[in-house]
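This report refers to the structure that appears directly beneath it.
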Amino acid sequence: MNLILVESSLKSKQVNLALGALGIQEEFTCGFTMGRVFDFKVGDPSLKWSPRNSDVYQYLSTQIQRLDNVIAMTDADEQGEYIAYQLQTIANQYGRSLVKADLSELSPLGIKTALSKVRPINLDVVAQAHTERLLNLKVANYGINQGIGPTSIHKLMVASHLMDTPTLNVATFLDDESSVKALTYNTSLKSAESELVEVPTKPPSTLNIYQNVAIHYDTPVCDIANNLQDLYQSGKLSYGRVTENYWYPSAENSVEDTLSELCVAIDMERFAALTERNQAHSAIYVVDHRSVYSKHSEVEMVTEFTKSALGLSDKKTYLADAGGPILSTEELVQPGLKRSSPDIQILQSLNELGLYKPSTSPTLCSSLSSAFYINSQLNKEALKFQFSITKRLFPSLLEHIEMRQNPITQQVNHKVDGTELTITNNMANTLFDNLTMSR
């Protein structure tokens, strides 16, 4: 029998149900990892991996040892690849082979598609994830050793960015009983309206949903992320942590069923123009067409983006200073200009600095908003303190801030032999030395 491993117990239950529906439960069974299997410990000078949870580690070891082959059906991002690599290290101990599978939707079709496209682990992605994880730990430990407490590259870079970036506002314009909300740096509503630029609507990425739900419904980004994950794990939406703005071909049936539920027909030619095969995940789409009647703002926003992208609604998207696109809404609201929430400000800073990731940015929005805002107003003293830390302890980081560069993606140009399964700490050590070196 083959062992499938996913990240959570809830997801494993859904996968096992799907395996039964496909009639292949005699060939496959599904277990879970509870996230990363190994991690570093803050304050440990050895910088060595250790199991995050000894019970989970023993459970995985037992399962892998007693079954034939392992399929890491983890997320198709750097953390999913990292978890798959960690599972590979256990599989190697017991002489078991392991392959990677990417899951777009928790349904029988999604499971079948994932199993048909298994692949080797991408060690270049693993090397970058390992370097980032270790570098963040070294930065945190360095802050502790210097008497300022744990800090992070994200915290230091965002603080500097907020010091030099105009405050974002949400502009609302009324036009034929429909309003458009766009983020803008402008202080004049008339000026913002004159610079409003319509752009073609594409299928929504996670960033699109984060921004639009946060703006239209005043929802914290962390809550949006949790809702997207819950909707994915309950089979209502496709995988909710994607950067893509194109559907994968397998999304066609779900999109067609959703539109049929809304009594409109899919435009196959237009759908094909918004389809891209060469990606691990699809842009977000509704999996369970019945959920379009639910009261989830995330489902509603995905549905509206879908209809607009296919030309089936009069709603339009407009390019915002903060990256957009922002979808128009039919809410009747008073026109005006208001300060955007701290979450949106932080999200935009992460995006402009190349630090945005669908999986980790919501948590950062929450923690950095608390660190840098008081009652939705910037805490300038907190920003200055972080900037002083950067100048004193990480002077070379200032160059990356000025160039809006993520220092990890800019400096990690590592190639790993496809047969090698040893990821070292060398890159993180070198990068840390570079960041703490004077210009």
Side-chain angles (χ1 to χ4, degrees), residues 158 161-202 204-225 227 295-305 307-309 313-352 356 361-362 365-366 368-380 382-383:
V158 168
H161 185 266
L162 289 173
M163 287 179 64
D164 298 330
T165 305
T167 300
L168 290 172
N169 297 302
V170 177
T172 306
F173 318 106
L174 288 186
D175 179 23
D176 297 330
E177 295 189 348
S178 67
S179 65
V180 175
K181 296 182 178 181
L183 296 178
T184 175
Y185 291 127
N186 300 293
T187 56
S188 162
L189 184 65
K190 183 177 180 180
S191 174
E193 189 168 11
S194 68
E195 296 177 7
L196 196 62
V197 177
E198 182 183 351
V199 293
T201 310
K202 291 185 177 182
S205 68
T206 308
L207 180 60
N208 299 149
I209 300 303
Y210 286 165
Q211 286 186 321
N212 278 268
V213 174
I215 291 170
H216 291 304
Y217 296 95
D218 292 324
T219 307
V221 173
C222 212
D223 289 351
I224 300 169
N227 292 338
K295 297 187 181 299
H296 296 290
S297 54
E298 293 79 13
V299 173
E300 179 181 340
M301 193 60 66
V302 171
T303 303
E304 293 303 330
F305 261 92
K307 291 193 297 181
S308 179
S313 78
D314 58 358
K315 296 186 179 181
K316 301 175 181 178
T317 48
Y318 295 86
L319 186 64
D321 289 343
I326 308 301
L327 190 70
S328 62
T329 176
E330 295 176 355
E331 300 169 5
L332 291 178
V333 294
Q334 292 297 317
L337 200 67
K338 68 174 184 178
R339 185 187 303 272
S340 67
S341 69
D343 265 14
I344 295 175
Q345 303 265 1
I346 299 293
L347 188 65
Q348 178 55 17
S349 292
L350 293 170
N351 195 38
E352 288 192 2
Y356 166 78
S361 292
C365 282
S366 178
L368 297 182
S369 294
S370 299
F372 297 147
Y373 286 85
I374 300 177
N375 297 325
S376 297
Q377 299 290 326
L378 269 176
N379 183 344
K380 295 183 179 180
L383 299 182

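Basis for what follows: all heavy atoms, side chains included, without hydrogens, waters or symmetry-related copies.
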Using the side chain to side chain donor-acceptor pair (under 3.5 Å) criterion, which residues pair with [X]? Sequence neighbours excluded.
X	result
Asp343	Ser369
His296	none
Thr165	His161
Thr201	Ser308, Thr317

Worked verdict on Val221 versus Ser361 for side chain to side chain contact (heavy atoms under 4.5 Å, CB included): CA-CA 9 Å; Val221 173; Ser361 292; over 6 Å; no

Which distance, rounded to the nearest 0.5 Å, do you find between the [atom1] of [X] and the [atom2] of [Y]?
X	Y	atom1	atom2	result
Asp164	Leu383	CG	CG	10.0 Å
Leu350	Leu368	CG	CG	6.5 Å
Lys181	Ile215	NZ	CD1	8.5 Å
Lys380	Leu162	NZ	CG	11.5 Å
Thr206	Gln211	OG1	CD	11.5 Å
Tyr318	Glu193	OH	CD	10.0 Å

Which residues share a salt bridge (charged side-chain N to carboxylate O under 4.0 Å, His left out) with Lys338, sequence neighbours left out: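 In terms of salt bridge (charged side-chain N to carboxylate O under 4.0 Å, His left out), with neighbours along the sequence ignored, Lys338 is linked to Asp218.
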
Contacts of Lys315 that satisfy salt bridge (charged side-chain N to carboxylate O under 4.0 Å, His left out) - sequence neighbours left out: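 Counting only residues at least two positions away or on another chain, Lys315 forms a salt bridge (charged side-chain N to carboxylate O under 4.0 Å, His left out) with Glu304.
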
For [X] against [Y], the heavy-atom pair lying closest together:
X	Y	result
Leu337	Asn186	CD2-O, 3.6 Å
Asn169	Arg339	OD1-CA, 3.6 Å
Val180	Ser328	CG2-CB, 3.7 Å
Ile346	Cys365	CG2-CA, 3.7 Å

Heavy-atom check, side chain of [X] versus side chain of [Y], under 4.5 Å:
X	Y	result
Gln345	Tyr373	yes
Pro362	Tyr210	yes
Leu183	Val170	yes

For [X], all residues meeting side-chain contact (heavy atoms from CB on, under 4.5 Å), sequence neighbours excluded:
X	result
Ile374	Asn379
Ser370	none
Thr219	Val213, Tyr217, Asp223, Ile224
Ser205	Leu207, Asn208, Asn245

Check: Leu327 main-chain N/O paired with Asn212 side-chain donor or acceptor under 3.5 Å: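 Here the side-chain-to-backbone pair exists.
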
Atom pairs and distances, donor-acceptor, side-chain atoms in residues 319-326, under 3.5 Å, two or more places apart:
{"residue": "Asp321", "atom": "OD2", "partner": "Thr184", "partner atom": "OG1", "Å": "3.4"}
{"residue": "Asp321", "atom": "OD2", "partner": "Tyr185", "partner atom": "N", "Å": "3.0"}

